[in-house]
Every structure is written in structure tokens, then in C-alpha cells.
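Start at 1 and go down the list; that is how both ligands and their atoms are numbered.
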Amino acid sequence: MKRTHVSFLLLSILLLTACGRAASTPAPSPASPTQPAPASPAAAPVQSVDERVAALLTQMTLAEKIGQMTQAEKGSIAPRDVTRYFIGSVLSGGGGSPPSNTPEDWLAMVNGYQEAALATRLGIPLLYGVDAVHGHAAVVGATVFPHNVGLGAADDPQLMRRIGQATAAEMAATGIRWNFAPVVAVPQDIRWGRTYEAFGEDPALVSRLAAPYIEGLQNGAADQPFADPATVAASAKHFVADGGTAFGSANTANMGVQYLLDQGDAPIDEATLRALHLPPYQAAVDAGAATVMASFSSVNGVKMHANRDLLTGVLRDELGFSGFVVSDWQGIDQIPGDYYSDVVTAINAGIDMVMTPYDYKRFIDTLIQAVERGDVTQERIDEAVGRVLRVKFALGLFDGDPMQPGAPLEVVGSSEHRDLAREAVRQSLVLLKNEGNTLPLIEDTPLIYVGGEAADDIGIQIGGWSTQWQGEAGDITEGTTILDGIRQVSKPGSNVVHDAAGRFDGFTDAQGRQLLADVGVAVAAERPYAEGVGDSADLALPPADLAMVQRMRDSSRRLVVVVLAGRPVDITDLLPLADAVVVAWLPGSEGAGVADGLFGHSPFTGTLPYTWPRSADQLPFNFANLPAEGSAAPLFPAGFGLTSEP
Ligand code: GLC
């Protein structure tokens with residue numbers, strides 16, 4: 001039996017079961033168009049999800065249907081407009097938090113929109129979405145896991161499932177049931193600013209980590225999607241080949257930065273598409289991903305938001321995807337042509353819900369016009385709305401009170417989740433160099449110099465997609481920094497001193513000479529960025545950090561360099577200065593996990609998820625013909641990582 005039938009059948013059975021069970025649950029309110037009649041011995045047989053969807057569709061006006069295809073950004077829509085325009089979804093864009101960023105206020109904000117949706121004629125519940133791409137990081141106090149680049153280094157599918165489950169619980173506690181994650185891109189050029197959002201350059205690695213993460217998000221502690229209320233719909237993104245764009249092909253600019261690769265064009269043949277970029281989507285579909293997000297980028301010059309061959313022909317008819325496709329942020333506006341043709345092209349290509357953060361009224365009016373003109377058929381509208389409703393039924397939003405959070409607020413930032421995040425940090429560490437057994441460090445080392453702003457900055461170690469879209473340095477949320485961890489682990493007899501610039505002039509001997517530290521730990525870091533703002537031509541670390549490393553070299557008997565980055569960066573000049581080099585990627589809120597590795601409380605087991613270049617001049621790599629030695633060879637191959645026993 002073709003995979004398509006299997007996955008459709010599987011999803012249908014799961015949906016039937018989920019909703020069948022739900023349908024047999026007595027509705028809290030008297031029978032209404034969207035609530036099943038209260039179960040009673042003589043009650044009608046349990047309706048299937050398809051029957052409930054079909055029944056609801058027959059009662060919906062065109063405006064109500066198109067409202068379900070519309071997603072607005074919370075900063076641009078008041079709850080009253082959710083009611084007025086029958087809006088089906090609201091999102092928080094990157095960092096889109098309520099004025100006071102607490103879990104309680106997130107729940108109140110989300111429920112404010114939910115209440116407005118339930119106040120519509122048919123009371124169709126709202127689906128709220130957010131980018132919880134490394135935990136529910138937009139919420140102050142939430143657990144922030146390592147970004148996917150670090151999880152790719154850890155390469156532990158079971159860990160991924162647990163992280164998905166914990167992330168879903170923290171989201172559901174704030175009333176949010178849709179995660180725009182995971183990124184299942186397969187980046188081929190690490191100069192891309194979204195490299196850290198992906199698991200690695202190998203499609204097999206991406207597939208084996210994305211699938212359990214999706215199951216963790218959607219199944220929670222249960223073995224079926226959404227049977228556990230502390231679950232969310234996943235969104236495999238961005239379909240397709242967002243990680244295959246060519247350097248210099250981007251024409252988007254944001255925050256004064258001209259993008260170089262992000263949202264650009266992937267000039268790839270079908271064999272490359274099928275070998276590299278599609279397999280993770282098959283894995284995501286097989287894992288039951290409820291939604292897919294279309295990519296801003298193009299394949300061979302065709303914008304993915306307009307690409308019916310791939311969005312419908314391949315994703316649905318070949319891979320068997322049966323959930324709904326959401327556009328990216330104003331993604332349809334990038335389709336060549338005027339807005340009317342953008343809307344018609346995108347919907348007919350296979351976009352079922354449009355993320356139109358600001359222009360929801362314009363979108364609704366335009367699509368109504370397109371249906372009235374026959375440029376978009378009623379059948380296509382019903383198909384799209386049916387897909388959206390099917391996910392909402394599967395989530396159980398129609399059965400029970402959607403304003404009741406799926407988990408208690410206490411789970412947000414719980415010690416159990418933080419322990420899981422710290423375990424993930426330990427597993428993500430990659431040991432690139434360790435001469436003279438510099439590592440593991442000894443807890444009672446007499447004098448340890450710790451250098452670098454990033455050694456004691458939770459915002460830098462978290463990176464992008466945190467309390468701000470682009471991330472931000474500073475004490476932005478709860479957690480531990482690398483310095484906190486070193487202080488926690490080192491013994492009272494050990495003197496741990498930190499300086500952001502690596503200057504320890506005050507430490508001199510009786511003759512006024514600089515005191516040498518027994519060990520220096522220098523933390524060199526990329527500063528936070530997101531999306532194309534992080535596209536980089538040179539992969540350079542900040543010069544101030546490189547100068548700090550040099551100072552630390554001069555003032556330490558042994559020097560350990562810790563690199564915090566969302567991708568391989570240029571360390572060719574730094575490498576010879578260090579006795580040991582550890583890559584900690586973007587570890588999230590539990591930076592103390594880095595110290596666990598430095599002091600041998602956990603073994604180094606991480607391996608590189610991306611090939612590490614000597615310099616950006618080597619990019620893009622020709623992976624089919626990558627020299628193993630000599631100056632044309634990479635600095636380190638993917639899969640490299642020294643091990644060490646604790
Ligand atoms: C962004 C990203 C996408 C994200 C969406 C909502 O532009 O491309 O990954 O899910 O907008 O924040």
C-alpha cells in the first residue's frame with residue numbers, strides 16, 4: 001500500500017479515535033452547531049471528524065470560512081476584530097509577548113483572543129501559534145533548550161521527544177496549541193542566518209531528530225496525537241529547500257541588513273531536491289505533523305508560496321500530507337504580481353491559511369472577491385477550511401473548554417524541564433581540541449580567569465527567537481550562565497575571576513608582575529540574530545572577542561576556549577592559541593551545562609552537525625567532492641568530535 005494511503009489512513013484513524021473519544025464525552029454546553037449533542041444511551045452514533053467537519057462547513061458563510069483561513073498577528077488585531085471577522089488564528093511573531101511578560105499574562109492574552117473567537121455565531125475556537133523553536137523562549141521564565149544546531153550535535157532522538165513534550169507542556173500552560181516548529185531545513189551553506197534553527201547538513205540526521213520532536217510536541221505523554229491536553233500542533237518548516245538557497249540570491253532586507261541567502265533562490269535539480277530537502281518532510285508527515293509552513297524562498301526561480309507542483313503535487317499527492325499548509329509572514333506578498341493575483345495564486349497553489357499579520361481585512365476582502373469572480377472555487381475554500389477545522393477538532397478544541405490551559409502554569413520553567421535542558425546542553429558540547437589533557441578541569445584549581453562578555457550573559461547564550469525576535473544580550477530571563485556553572489562546580493579553594501574583556505591587570509605578584517591563571521576559560525560568541533539578519537559573508541567572530549582570547553592566552557598557563565555560535569565560525573586564527581576548544585553552540589537558559597562538560601561531570605559525546613570550514617572562502621562546499629586533506633579540506637568534517645570519559 002502506498003505510503004500516502006498509509007499515512008492518510010493512520011492520521012484518519014488517529015483523528016477518528018481522538019475525536020471519537022471526544023465526541024463521546026458529554027459536551028459541557030447544550031448542543032450547539034460546534035458542540036456534539038450530550039452523550040446519552042439513546043444518543044446518535046459518535047460522529048467522525050470528517051462528519052463533524054462536513055456538518056460545520058454546511059453551516060458556515062463564505063466570510064466565516066475565509067476567516068478560518070486568516071491568521072493575524074496579536075499586535076495588529078484587537079479581540080473584537082477576531083469576532084467581527086471570524087478570525088481562525090492569531091500568532092505572536094518573534095518575541096510577541098504581552099506588556100508584562102509572565103506566563104500568567106501570556107495565558108490571559110491568549111484567552112482574550114480565544115474568548116473573542118468563541119463569541120462568534122458558530123463559536124469556532126481559535127488556534128494560537130508561536131515560534132517555540134527552542135522551548136517557549138519568548139516567555140520570561142520559560143525553559144530555553146539549546147537551539148537545533150546543538151541538538152543536532154547531541155543527535156539523540158529520545159532526547160528530542162522529551163524536549164518536544166516539555167516544550168508543548170509549557171506552551172499549553174499558556175493556552176497556546178500550535179508551534180511553528182521544527183525547522184526541517186537541510187542547510188547546505190552555513191553562511192545562512194537560520195543555520196542554527198536546523199539540525200544539520202545531513203537529511204538523515206534532520207529526519208531522525210525532527211520526527212521524535214514532532215511526536216513529543218503532538219503526543220505528549222500519550223501514544224496518540226493530542227490525547228494528552230499538554231500537546232500542540234507541530235509545523236514542519238519551511239517547505240521546501242529553504243536551506244538550499246544560493247549565496248547572493250536573496251533580495252530581502254530587514255532592520256537595515258541586506259539578506260544574502262535567506263528567502264533567496266535554490267537553483268537545484270530534482271535529484272538534489274529529492275535527495276536532500278524532501279526526506280525530512282516525509283519523516284515529518286510520517287510522524288503526523290499537523291501543519292506545514294511554506295518557505296519564503298524559491299526553487300529554480302518559483303516562489304514556494306506559488307508553487308502548486310511542490311505544495312500540492314509533491315507534499316500532498318506524493319508525501320501524503322493531510323494537515324494544513326500555512327504561509328509564512330506576509331509570504332504571499334512576495335509572489336510576483338499584484339495583491340489580488342498573489343492571493344489567487346497562493347490559495348490555488350495549496351496555501352490553506354495565510355499569515356497576514358497586519359492586512360487581515362484586505363486579505364479577507366480580496367479572497368471573497370476572488371471566490372465571487374470564480375478565480376478561487378468554493379471547493380478549494382471548503383478544502384482549505386476543512387483541513388484547518390480537522391486539526392482544530394483533532395486538538396480537542398471543540399470538545400471541552402478551549403480556555404482551560406492544557407497544563408498548569410507551574411510547568412513553565414520547572415526544575416524538571418531545566419534539568420532536561422541542562423542534560424541537552426551537556427550532550428550538545430563538541431570537543432574540537434584538548435592538548436595536554438587540559439580538560440577536564442579540576443574543581444579546586446587555585447586561580448581560574450574567565451573571559452568574555454558571553455561568559456556571563458544569558459541573552460547571548462540563548463541567541464535568536466527569545467524574548468525578542470532577534471534575541472538580545474543581557475539578563476533577559478531566568479537560568480544560569482557559563483560563569484554561574486563554573487562557580488557552582490568549582491570548590492571554595494578555587495578563585496574564579498571574570499572579566500568581559502579578559503583583563504586581569506589587578507592580579508599581580510609581589511613584584512607587580514601579572515599573575516598567571518592556572519586555567520583561563522575564554523568564551524567567544526556570535527551575538528544574537530535571527531533569519532536573514534544573521535546571513536554572514538565571513539563567519540567572523542567579534543574582533544573584541546578575538547582580542548580577549550589573545551589577552552587570556554597571555555595570562556593563563558592553560559587556555560580553554562568555549563565557542564558560542566549558531567554555526568561553524570572562523571576559528572582558524574583562534575585554534576592555535578587554545579589548549580582546548582569546546583563548541584557549545586547556543587545552549588539556551590541552562591548555561592551551567594557547559595561547566596558540567598568542562599569539569600568532566602559529563603563526557604564529551606557531541607559531534608559536528610555541519611562541516612567546519614577553514615574560512616568562508618571555502619563556501620559553498622562541494623560535498624560530493626570534499627577533499628579530506630590539505631588546504632582545500634575543511635577544518636573539521638561533519639561528524640567530528642573528540643570524546644572524553646568523565
Ligand atoms: C518568520 C519566520 C517563520 C516564523 C514566522 C512567524 O518570518 O520565517 O519561521 O514561524 O515568521 O514568526
Side-chain angles (χ1 to χ4, degrees), residues 70-77 89-97 106 110 127-139 147-149 167 171 176-185 187 192-199 210 213-214 217 232-243 245 250-255 257 259 261-264 266 280-281 284 289-298 303-305 324-334 346 351 353-360 463-471 529-535 566:
T70 308
Q71 181 182 63
E73 205 273 330
K74 66 103 190 159
S76 308
I77 188 166
S89 178
V90 172
L91 83 146
S92 280
S97 62
W106 272 85
V110 173
L127 184 54
Y128 200 101
V130 69
D131 294 274
V133 296
H134 55 153
H136 199 3
V139 180
H147 266 297
N148 284 349
V149 59
T167 300
M171 291 175 65
I176 299 173
R177 300 294 308 278
W178 185 12
N179 192 358
F180 306 133
V183 167
V184 297
W192 186 34
R194 306 198 76 164
T195 299
Y196 69 76
E197 293 185 66
F199 294 110
Y213 176 76
I214 290 167
L217 286 177
V232 301
S235 182
K237 69 183 189 180
H238 312 75
F239 189 80
V240 68
D242 50 344
T245 59
N251 50 31
T252 304
N254 207 323
M255 302 178 73
V257 175
Y259 289 8
L261 296 102
D262 193 32
Q263 306 185 16
Y281 284 94
T291 77
V292 163
M293 184 180 291
S295 179
F296 281 121
S297 56
S298 309
K303 276 285 180 186
M304 275 311 305
H305 280 67
F324 72 83
V325 174
V326 63
S327 82
D328 204 333
W329 184 280
Q330 294 182 299
I332 70 169
D333 300 31
Q334 293 188 13
I351 303 275
M353 180 186 285
V354 173
M355 188 186 296
T356 171
Y358 321 110
D359 302 336
Y360 51 92
W465 295 105
S466 68
T467 48
Q468 294 299 327
W469 171 48
Q470 290 291 314
Y529 56 80
E531 303 191 40
V533 177
D535 286 355

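- Remark: ligand 1 atoms within the under-4.0 Å shell around heavy atoms of Trp329 are 7 (O), 11 (O).
- Interface atoms of ligand 1 facing Lys237, defined by a heavy-atom separation under 4.0 Å, are 3 (C), 4 (C), 9 (O), 10 (O).
- Side-chain contact of Thr291 with Trp178: a donor-acceptor pair under 3.5 Å is present, judged by distance alone.
- Ring geometry for His134 against His147 counts as parallel: the plane angle stays under 30°, on a 0 to 90° scale with 60° as the upper cut.
- Set against the non-hydrogen atoms of Leu91, the atoms of ligand 1 under 4.0 Å away are 6 (C).
- Each of Thr245, Asp262, Asp242 was compared with Trp192 under the side-chain hydrogen bond (donor to acceptor under 3.5 Å, both in side chains) criterion, and only Asp262 meets it.
- Every atom of ligand 1 with a heavy atom of His238 under 4.0 Å away is listed here by number and element: 3 (C), 8 (O), 9 (O).
- Rounding to the nearest 0.5 Å gives a distance of 7.0 Å between CG of Asp328 and CD of Glu531.
- Numbered from 1 in the order shown, with element, the atoms of ligand 1 that lie under 4.0 Å from a heavy atom of Phe180 read 10 (O).
- Nearest protein heavy-atom neighbour of atom 11 (O) of ligand 1: Asp328 OD1, 3.1 Å.
- The shortest distance between side-chain heavy atoms of Thr252 and Phe296 does not fall below 4.5 Å.
- Those atoms of ligand 1 that come under 4.0 Å of a heavy atom in Met293, given as number and element, are 3 (C), 10 (O).
- Ranking protein heavy atoms by distance to atom 1 (C) of ligand 1, first place goes to Glu531 OE2, 3.2 Å.
- At a heavy-atom distance under 4.0 Å, no atom of Trp469 approaches ligand 1.
- Taking all atoms of both residues into account, the shortest heavy-atom contact from Ser235 to Val292 is OG-C, 3.9 Å.
- Side chain to side chain, Trp329 and Glu73 fail the donor-acceptor criterion of an N or O pair below 3.5 Å.
- Residue, atom and distance of the protein heavy atom nearest to atom 10 (O) of ligand 1 are Asp131 OD1, 2.5 Å.
- For the atom pair His238 NE2 and Gln263 CD, the distance stands at 9.0 Å (nearest 0.5 Å).
- Taking only nitrogen or oxygen atoms, main chain and side chain alike, Ser92 does not reach within less than 3.5 Å of ligand 1.
- Taking 4.0 Å as the cut-off, Glu197 does not count as a neighbour of ligand 1 on heavy-atom distance.
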